Asker: 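Below are the structure tokens for one structure; questions will follow.
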4 protein chains.
Amino acid sequence: MRAKNSSPEQRSLTEQARRAQIVEAAVEVIADEGYAKASFARIATKAGLSSTGLITYHFANRQDLIDSIVDEVMTAFAGHVRERVDAEFAPAARLDAFVSANLDFIRTHRKHLVAVLDITAGSRTTLAKIMKADIDALEDLLVQGQRQGEFRAFHPRSVAIAIRSMRDGILRVLSVEPDFDLTSYEHELRTLVRLATSGEIP
Amino acid sequence: MRAKNSSPEQRSLTEQARRAQIVEAAVEVIADEGYAKASFARIATKAGLSSTGLITYHFANRQDLIDSIVDEVMTAFAGHVRERVDAEFAPAARLDAFVSANLDFIRTHRKHLVAVLDITAGSRTTLAKIMKADIDALEDLLVQGQRQGEFRAFHPRSVAIAIRSMRDGILRVLSVEPDFDLTSYEHELRTLVRLATSGEIP
Amino acid sequence: MRAKNSSPEQRSLTEQARRAQIVEAAVEVIADEGYAKASFARIATKAGLSSTGLITYHFANRQDLIDSIVDEVMTAFAGHVRERVDAEFAPAARLDAFVSANLDFIRTHRKHLVAVLDITAGSRTTLAKIMKADIDALEDLLVQGQRQGEFRAFHPRSVAIAIRSMRDGILRVLSVEPDFDLTSYEHELRTLVRLATSGEIP
Amino acid sequence: MRAKNSSPEQRSLTEQARRAQIVEAAVEVIADEGYAKASFARIATKAGLSSTGLITYHFANRQDLIDSIVDEVMTAFAGHVRERVDAEFAPAARLDAFVSANLDFIRTHRKHLVAVLDITAGSRTTLAKIMKADIDALEDLLVQGQRQGEFRAFHPRSVAIAIRSMRDGILRVLSVEPDFDLTSYEHELRTLVRLATSGEIP
DNA sequence: GATGAATGAGGTTTCATTCAT
DNA sequence: CATGAATGAAACCTCATTCAT
């Protein structure tokens with residue numbers, strides 16, 4: 001019997017634990033070896049499962065597992081960032097909080113984010129969905145700053161894409177160079193974002 | 001006898017043409033459907049070949065084909081950019097030329113660059129190689145500008161990564177939204193890069 | 001402790017009820033979707049059970065469940081037909097009663113019989129057993145009629161096969177066209193059987 | 001590269017031979033062990049192939065193989081029967097030719113027909129298609145006989161179903177008892193059909 | 001040079017069955 | 001009695017690669 005159609009609330013503790021375990025193993029495999037090599041067999045081995053059947057038992061199919069990874073990681077990520085952003089009031093401060101919250105989360109969840117980056121690169125539909133969500137949120141922040149006169153005049157969507165790109169870019173570096181030190185990059189990124197946006201709209 | 005191990009110089013005209021044809025077809029398939037779905041079968045079909053055997057006949061193996069795509073595209077890309085950069089003298093102008101040359105090439109070779117982006121996302125070793133080359137070149141440009149006092153003080157490698165990321169990021173957007181208009185993005189990108197670097201080192 | 005190996009007499013009421021429930025669900029699934037798609041998972045779902053484990057708990061294995069379905073349906077079927085046949089005395093009347101009793105049961109138990117038909121089509125050993133029983137019974141009826149001089153001379157086993165085939169054939173039609181109207185078919189079948197057998201042995 | 005989309009005409013001799021070989025092996029396996037047990041692995045073994053991959057190479061998928069079997073067998077069957085039927089003129093003679101042609105073909109192609117019977121039992125859509133074609137053809141024959149006054153009044157579709165059922169029924173017997181002697185059955189079947197239809201419409 | 005045929009490894013998924021609780 | 005979790009075999013299918021012609 002499958003757990004396929006069960007909604008998150010009705011999952012037993014055992015099931016939640018197993019799902020989490022599988023998701024973690026998948027994250028590890030994807031982050032370490034790349035999405036292309038993340039077969040059920042490797043994931044099962046990494047998770048210490050006796051067969052790939054257990055994965056299909058807990059997830060409807062491959063896409064379901066992948067979606068679960070993305071959902072879980074991005075929900076945590078977005079939550080972390082939103083909390084930090086919402087602690088600030090002025091747009092410039094909020095934007096700076098956004099950048100530093102991003103970097104913090106990257107530091108503590110490198111593998112998870114690299115895994116999601118890899119997934120989105122290998123799955124266009126997932127990429128489209130996530131990218132839109134990210135960029136929309138950033139754009140809102142920027143437009144807000146412009147309305148309040150804190151930010152200069154610029155094309156908000158383009159700048160949103162640029163900022164998001166700089167965050168993603170460092171993940172790509174990390175996927176190849178896991179020990180890359182983020183200190184300098186964070187400093188420069190915050191500076192760049194400030195320089196890019198500051199200046200009142202004339 | 002196989003053509004596999006022959007070095008570029010030894011290739012006959014026919015062979016060069018076939019290789020180019022296969023590379024073009026592969027680019028198209030990867031750009032349109034993603035790296036994951038770019039099987040030899042699809043590439044052969046797109047190229048109008050009757051058998052995947054021909055691909056293995058002209059390329060030692062899959063990796064060889066992929067490397068050829070990347071080599072070809074990146075060589076042309078780098079050549080185009082270098083030419084435009086070298087036409088300028090002052091670091092700031094060279095950097096601006098770099099950005100606009102990048103965008104121009106993206107406009108005219110969208111599919112090729114999206115394909116390479118997809119490939120690098122799916123193959124860590126390729127990614128590492130390309131990224132290093134790109135960032136090194138950019139870093140040189142930035143260091144030069146700082147030495148000549150045109151650029152402010154910043155961590156050159158970090159800013160190089162940031163600039164390269166903004167270029168890559170727009171390719172990800174294009175991979176999902178092929179008709180995205182680059183005009184505004186190019187404008188903002190040039191502005192951002194100028195704002196990010198300008199100011200003499202004190 | 002398992003209920004698997006218990007003989008029918010030893011079964012508790014609860015257990016009998018569960019078995020019946022599972023058998024009914026299996027009949028439904030097989031009749032609706034075909035034997036090939038009648039997995040334990042589908043049967044459990046149809047029966048409103050939470051696990052396929054319950055099926056294996058009550059039945060030794062798949063074959064046991066299938067056998068139970070066939071046994072139950074065919075016992076009821078045979079009982080119904082025998083009762084109707086035994087109400088008549090003359091062979092011709094008994095044979096006619098046999099045909100009309102068959103059709104009546106088909107009308108009231110279409111799904112059950114379609115399920116059994118599907119099962120026998122998918123399991124040679126089951127088919128052999130049932131077919132032999134059916135044909136033997138019919139053959140007895142025919143031989144009796146010949147002995148009493150009511151039926152013409154014919155090869156009884158062949159005619160038995162033919163009559164049984166016409167009964168099975170309509171089930172195949174019903175498996176594809178559940179709403180097929182049996183009225184005309186019953187009329188023709190009774191006529192055919194009468195025409196096929198009537199005439200004294202010279 | 002696959003031969004998937006090739007139409008029958010453009011198949012090479014080698015390919016035609018391989019396809020025929022695989023079809024024959026599949027027929028044998030299905031006739032001997034039943035449709036349910038006819039996995040690619042068994043078919044490949046029976047055909048002496050080194051891997052199941054070769055089956056997928058020559059047939060788009062399982063359904064394609066199954067369809068090919070059915071097509072091939074039923075085309076030959078229908079051709080044989082039609083030829084024999086068309087050699088006669090009067091409806092009664094045509095119907096008798098139909099029956100005896102059916103039996104002849106069953107004798108020479110037992111395995112093929114048993115295989116098709118098994119396939120249709122395991123695949124509702126295929127069953128529906130074939131049954132409709134068979135019954136339609138028979139019904140035409142019967143209606144023709146009624147129009148010309150050679151046949152008595154009866155419901156043509158029902159009698160068509162009955163006749164076809166008697167033909168199918170003997171195949172089921174053969175699937176379990178391959179050495180069953182058809183002589184008596186053929187005799188009785190021809191008699192039954194004659195008795196069932198003869199007599200002018202009043 | 002080119003091709004179609006063949007191969008076998010490896011992918012996801014389905015499934016009946018077992019077992020601890 | 002019943003359940004959910006786990007297992008591993010087997011299914012179909014895709015694929016890169018090899019090879020005879």
Side-chain angles (χ1 to χ4, degrees), chain A residues 1-4 6 11-15 17-18 36-44 49-63 65, chain B residues 1-4 12 14-15 18 37-44 49-65, chain C residues 1-4 12 14-15 18 37-44 49-65, chain D residues 1-4 6 11-15 17-18 36-44 49-63 65:
Chain A
M1 210 54 178
R2 298 282 165 77
K4 284 184 183 181
S6 65
R11 284 184 196 126
S12 73
L13 282 178
T14 318
E15 182 170 1
R18 263 280 186 263
K37 297 202 175 161
S39 67
F40 276 20
R42 284 186 201 231
I43 295 169
L49 308 178
S50 58
S51 104
T52 64
L54 196 57
I55 300 178
T56 317
Y57 176 75
H58 285 287
F59 298 87
N61 49 38
R62 179 168 236 277
Q63 196 55 48
L65 169 60
Chain B
M1 198 162 73
R2 296 285 164 88
K4 285 181 182 182
S12 74
T14 318
E15 187 171 353
R18 267 277 185 263
K37 295 194 179 166
S39 67
F40 277 20
R42 282 185 207 233
I43 294 169
L49 306 177
S50 51
S51 160
T52 62
L54 195 57
I55 298 177
T56 323
Y57 178 74
H58 284 289
F59 298 87
N61 50 36
R62 180 168 234 274
Q63 195 54 48
D64 185 28
L65 168 60
Chain C
M1 196 163 70
R2 297 281 165 90
K4 284 182 184 183
S12 73
T14 319
E15 187 172 354
R18 266 277 185 265
K37 295 194 179 166
S39 66
F40 276 21
R42 283 185 206 233
I43 294 170
L49 306 177
S50 52
S51 160
T52 63
L54 195 57
I55 299 178
T56 322
Y57 177 75
H58 283 288
F59 298 88
N61 51 36
R62 180 169 234 275
Q63 194 55 47
D64 185 28
L65 168 60
Chain D
M1 211 54 178
R2 298 286 168 76
K4 281 185 187 181
S6 65
R11 284 183 196 127
S12 75
L13 283 177
T14 318
E15 183 170 2
R18 263 278 186 267
K37 298 202 174 159
S39 68
F40 276 20
R42 283 186 202 231
I43 294 170
L49 308 178
S50 58
S51 101
T52 65
L54 195 58
I55 299 178
T56 317
Y57 176 74
H58 284 289
F59 297 88
N61 50 38
R62 180 169 235 276
Q63 196 55 48
L65 169 60

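Worth saying up front: this structure is predicted, and the values here are computed from it rather than measured. Residue numbers start from 1 in every chain, and the chains themselves are labelled A, B, ... in the order their sequence lines are given, proteins ahead of strands.
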Asker: B/Phe40 CZ to F/dC15 P: how many Å, rounded?
Answerer: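 My rounded result for the distance is 11 Å.
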Asker: Just N and O in the side chain of D/Ser50: are any of them under 4.0 Å from OP1 or OP2 of E/dA6?
Answerer: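 It does not, given that no N or O in the side chain of D/Ser50 lies less than 4.0 Å from OP1 or OP2 of E/dA6.
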Asker: Ignoring backbone atoms, establish whether A/Thr52 has a side-chain N or O less than 4.0 Å from OP1 or OP2 of E/dT12.
Answerer: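 No, A/Thr52 has no side-chain N/O under 4.0 Å of OP1/OP2 on E/dT12.
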Asker: In whole angstrom, give the distance that lies between atom CG of D/Asn61 and atom P of F/dT14.
Answerer: 8 Å
Asker: Would you say a side-chain N or O of A/Ser39 is under 4.0 Å from OP1 or OP2 of E/dG11?
Answerer: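 For E/dG11, OP1/OP2 do have a side-chain N/O of A/Ser39 under 4.0 Å.
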Asker: Could you tell me the separation between the CD1 atom of D/Ile43 and the P atom of F/dA11, rounded to a whole number of Å?
Answerer: 10 Å
Asker: State which of E/dT13, F/dG4, F/dA16 makes the closest approach to the side chain of A/Arg62.
Answerer: E/dT13
Asker: Could you pick out which residue, D/Gly53 or A/Leu49, lies toward the 5' side of DNA chain F when each is mapped onto its nearest nucleotide?
Answerer: A/Leu49
Asker: Which stems, defined as runs of 3 or more consecutive Watson-Crick or G-U wobble pairs with both pairing distances under 3.5 Å, involve DNA chain F?
Answerer: E:2-21 with F:2-21
Asker: Using OP1 and OP2 only, check whether a side-chain N or O of B/His58 sits under 4.0 Å from E/dA2.
Answerer: yes
Asker: With respect to the side chain of A/Thr56, which nucleotide from E/dT13, E/dG11, E/dA5 is positioned closest?
Answerer: E/dT13
Asker: Using the closest heavy atom to pick a nucleotide of DNA chain F for each, name whichever of C/Arg18 or B/Arg42 lands nearer the 5' end.
Answerer: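 This one resolves to C/Arg18.
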Asker: Between the base of E/dA5 and the side chain of D/Tyr57, is one N or O donor paired with an acceptor at under 3.5 angstrom?
Answerer: yes
Asker: Starting at CG of B/Leu54 and ending at P of E/dA2, how long is that distance when rounded to a whole Å?
Answerer: 6 Å
